[in-house]
Amino acid sequence: MVLSKIFKVFLVVLAVVVAILGIMGGYETSQRVKYPVAYSDLIIKYSHENNLDPFLVMAVIKVESNFVPEAHSGFAGGLMQLTEETAKWNANDLGIGDDYDYMEPEINIRFGCHYLRHLLDVYGNTDTALAAYNGGMGNVYSWLKDPQCSDDGVSLKYIPFRETRNYVEKVNKNWEHYKNSM
């Protein structure tokens with residue numbers, strides 16, 4: 001009788017422990033699905049080459065392609081969603097020539113990091129650089145001159161394109177997540 005009660009208590013405790021472990025494992029799995037990371041060796045390599053925070057690059061890739069190397073959106077493609085024009089600019093600036101496949105993950109990450117570094121150097125402000133990465137440099141230049149969009153000509157207080165505004169918010173949210181969880 002006593003053994004039967006002890007065994008029942010043991011089973012209840014075991015069930016609770018298994019449930020807790022299952023919940024924790026499920027949470028960890030859901031976070032890996034929600035915030036994937038792939039190509040971390042390439043991200044770290046090219047982030048460091050370009051003096052970038054690798055977690056920022058992860059966040060850009062997460063928002064741009066969710067780490068799917070063959071992703072396409074309009075005229076852009078690859079992990080960091082580069083256009084052919086941006087890829088050509090990068091190849092020229094890096095002295096690579098015409099023999100490259102910008103859809104190949106290593107080239108895409110290399111070019112994307114190089115371009116992001118360029119935008120950060122041009123604008124001196126991460127959010128402004130991210131707005132240019134998504135909305136184009138021409139748009140950002142005009143927004144910086146508009147007093148409704150910028151008070152100082154450096155940072156944007158308002159981004160007229162909802163897609164670009166949402167993009168900057170999403171990258172920042174994902175950047176915080178990657179910084180705090182790895």
Side-chain angles (χ1 to χ4, degrees), residues 27 30-40 42-44 46-90 93 102-103 105 107-182:
Y27 175 77
S30 74
Q31 290 302 298
R32 282 194 299 273
V33 169
K34 187 174 179 183
Y35 296 99
V37 176
Y39 308 100
S40 58
L42 297 173
I43 292 168
I44 290 167
Y46 293 112
S47 293
H48 288 174
E49 274 188 21
N50 291 282
N51 195 28
L52 297 170
D53 181 347
F55 299 122
L56 172 60
V57 175
M58 288 176 192
V60 168
I61 293 172
K62 162 72 173 131
V63 174
E64 290 288 355
S65 68
N66 203 34
F67 290 87
V68 176
E70 57 279 339
H72 278 281
S73 175
F75 295 106
L79 291 163
M80 295 191 75
Q81 291 295 290
L82 303 174
T83 63
E84 282 189 44
E85 181 181 334
T86 302
K88 284 180 185 177
W89 178 87
N90 276 279
D93 199 55
Y102 75 93
M103 290 295 294
I107 298 296
N108 198 273
I109 292 170
R110 181 180 184 193
F111 284 10
C113 286
H114 181 73
Y115 186 58
L116 185 55
R117 173 79 266 156
H118 169 72
L119 294 173
L120 286 164
D121 290 344
V122 167
Y123 296 108
N125 178 289
T126 302
D127 285 350
T128 306
L130 290 172
Y133 195 97
N134 178 266
M137 292 178 75
N139 287 320
V140 168
Y141 279 128
S142 66
W143 298 339
L144 289 172
K145 293 176 186 175
D146 183 345
Q148 291 182 334
C149 299
S150 177
D151 289 330
D152 58 9
V154 174
S155 60
L156 295 167
K157 66 180 180 183
Y158 177 71
I159 299 171
F161 293 174
R162 183 178 355 166
E163 177 187 336
T164 301
R165 202 169 46 245
N166 291 340
Y167 174 84
V168 171
E169 288 175 22
K170 286 178 189 175
V171 170
N172 280 308
K173 176 183 161 221
N174 284 284
W175 187 12
E176 277 302 310
H177 174 82
Y178 284 121
K179 281 192 293 191
N180 294 325
S181 68
M182 300 191 130

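These values consider heavy atoms only, across backbone and side chains, with no hydrogens, waters or symmetry-generated copies. Predicted model, so just to flag it, every value in this text is computed and none were measured.
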In short, salt bridge (charged side-chain N to carboxylate O under 4.0 Å, His left out) pairs touching residues 72-89 with sequence neighbours left out are none
Side chain to side chain, Leu120 and Leu52, heavy atoms closer than 4.5 Å: yes
Identify all side-chain donor-acceptor contacts of residues 128-137 below 3.5 Å with residues at least two apart in sequence or on another chain.
from: Thr128; atom 1: OG1; to: Asn125; atom 2: OD1; distance (Å): 3.1
from: Thr128; atom 1: OG1; to: Val154; atom 2: O; distance (Å): 2.9
from: Tyr133; atom 1: OH; to: Met80; atom 2: O; distance (Å): 2.7
from: Asn134; atom 1: OD1; to: Thr164; atom 2: OG1; distance (Å): 2.7

Contacts satisfying side chain to side chain donor-acceptor pair (under 3.5 Å) that involve residues 107-116 (not counting sequence neighbours) are Asp93-His114
So salt bridge (charged side-chain N to carboxylate O under 4.0 Å, His left out) across residues 161-172, not counting sequence neighbours, yields none
Closest non-hydrogen atoms of Glu64 and Tyr167, given as atom of the first, atom of the second and distance, are OE2-OH, 2.9 Å
Does the pair Lys173/Glu176 count as a salt bridge with the N-to-O cut at 4.0 Å? no
Sorted by chain and number, sequence neighbours left out, ring-ring contact (aromatic ring centres under 6.0 Å, His included) with Tyr141 holds for Tyr123
Legend entry - Flag if over 12 foreign heavy atoms under 6.0 Å of CZ, Phe75: no
So the salt bridge (charged side-chain N to carboxylate O under 4.0 Å, His left out) pairs with at least one residue in residues 132-158 (sequence neighbours excluded) are Asp151-Lys157
Q: Could you go through the side-chain contact (heavy atoms from CB on, under 4.5 Å) check for Lys62 and Phe67 one step at a time?
A: CA-CA 6 Å; Lys62 162 72 173 131; Phe67 290 87; 3.9 Å; yes
Taken to the nearest 0.5 Å, the spacing of Leu79 CG from Ile61 CD1 works out to 5.5 Å
Nearest heavy-atom contact between Ser65 and Gly78 is CB-O, 3.6 Å
Residue pairs meeting salt bridge (charged side-chain N to carboxylate O under 4.0 Å, His left out), one or both in residues 115-124, sequence neighbours left out, come to Arg117-Asp121
task: Might you work through the side-chain contact (heavy atoms from CB on, under 4.5 Å) test for Glu70 and Val68, ending with a clear yes or no?
output: CA-CA 6 Å; Glu70 57 279 339; Val68 176; 3.2 Å; yes
To the nearest 0.5 Å, atom CG of Leu56 lies from atom OG1 of Thr126 at 6.5 Å
With sequence neighbours left out, the residues meeting side chain to side chain donor-acceptor pair (under 3.5 Å) with Ser40 are none
In terms of heavy-atom contacts, Trp89 and His118 come closest through CH2-CG, 3.5 Å
Thr86 backbone acceptor or donor facing Thr83 side chain under 3.5 Å
yes
Ala87 meets the side chain to side chain contact (heavy atoms under 4.5 Å, CB included) criterion, sequence neighbours left out, with Tyr100, Tyr102, Phe111
Hits for ring-ring contact (aromatic ring centres under 6.0 Å, His included) against Phe161, two or more places apart or cross-chain, chain-then-number order -> Trp143
The side chain to side chain contact (heavy atoms under 4.5 Å, CB included) partners of Pro54 (sequence neighbours excluded) come to Ile43, Ile44, Ser47, His48
message = I'd like to check Leu144 versus Leu156 (side-chain heavy atoms, cut-off strictly below 4.5 Å). Are they in contact?
response = yes
Original post:
Does a side-chain heavy-atom distance below 4.5 Å link Leu116 with Asn50?
Top reply: no
Ser150 side chain vs Pro147 backbone, donor-acceptor pair below 3.5 Å: no
Does some side-chain heavy atom of His177 sit less than 4.5 Å from a side-chain heavy atom of Phe55?
no
